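Each ligand, and each atom within it, is numbered from 1 in the order the structure gives. Everything numeric here is computed off the predicted structure, so don't read it as measured data.
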Amino acid sequence: MKKYLIGGILTILLVACATNPITGKQSLNFVSNSELFPSSFQQYNQFLTENKVITGTADAKRVDVVGSRIKAAAEKYLKFLGQGQYLQDYRWEYKLVDNKEVNAWCLPGGKIVVYSGILPITQNDAGLATVMGHEVSHALANHGAQRMSAAQLQQIGGVALGAATSGKSEQTQQIFSQAYGLGTEVGVMLPFSRGNETEADKIGLTLMAIAGYNPDDAVSFWSRMSAKSGGGSTPEFMSTHPSDATRIANIKSLIPEAKAIALKVGVIK
Ligand SMILES: [Zn+2]
């Protein structure tokens, strides 16, 4: 009896795994994009109604231009990997909001928000591409969905796994809010694990290179971010993205591969 039960749970766990379209790695994921995206888009729209979106300025235009290039790079890269269909339900948007927090994020389905407070640190298009490429990579690699799945597993325990996969939208919505932490007014994202951060750095550098930016400039951006620490309060982006010497050294070591992949995939002119 016990043996069957364990077998059953294992089967559900296998079914509940999703493949990362870029690395090919399997990860725990009970939440399909069709379940996840409506919650994501709803939270995103609510955030936009509660915050001031900047339009028509030179900065807003830069966010749009760089975002469009990162999107085109993601499409090109996934197509190259034979995973082009992965993005079919994405509804890309790039918004600049008037908020002094040093922050940026991308929700599942391609909803990217850049806070005006991060612009003095991004400084230029390559800096913006570093941030947007990194945030898009979290979404592409399903890092948020993994966190939601882990939360579900924690909440329901092993016994009711089957029920979790049946997809109750209200429950999904609730867990989405908890997993992303976006219920708060400022829209602070919960930190990702160190492993997820490294993965997003790696994929982000590749997207940046395919989009036609120089990944070497990512090192300058992270160094500027690092210099921002110490004295006063820690910026939100810093608290979730520690820009220490280890991270910067790791980013440096990832750059040659990002450039090599971009050459194979083709750099957007
Ligand atoms: Zn990150």
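Hydrophobic clustering, with ILVMFWY side chains joined whenever heavy atoms are under 4.5 angstrom apart, keeps Met208 apart from Val267. Both Phe80 and Ile22 sit in one connected hydrophobic cluster of ILVMFWY residues. Membership requires side-chain heavy atoms under 4.5 Å apart, directly or through other members.
Checking Glu135 against the Zn ion (ligand 1), every N/O/S atom stays at or beyond the 2.8 Å cut-off.
To the nearest 10 degrees, the Zn ion (ligand 1) sees NE2 of His134 and NE2 of His241 at an angle of 100°.
Nearest N/O/S atom of His138 relative to the Zn ion (ligand 1): this is NE2.
Figure legend: cation-pi geometry between Arg69 and Tyr213, with NZ or CZ positioned under 6.0 Å from the six-membered ring centre and within 45° of its axis.
Taking the six-membered ring where tryptophan is involved, the planes of His241 and Trp222 are tilted, since the angle between them lies from 30° to 60°.
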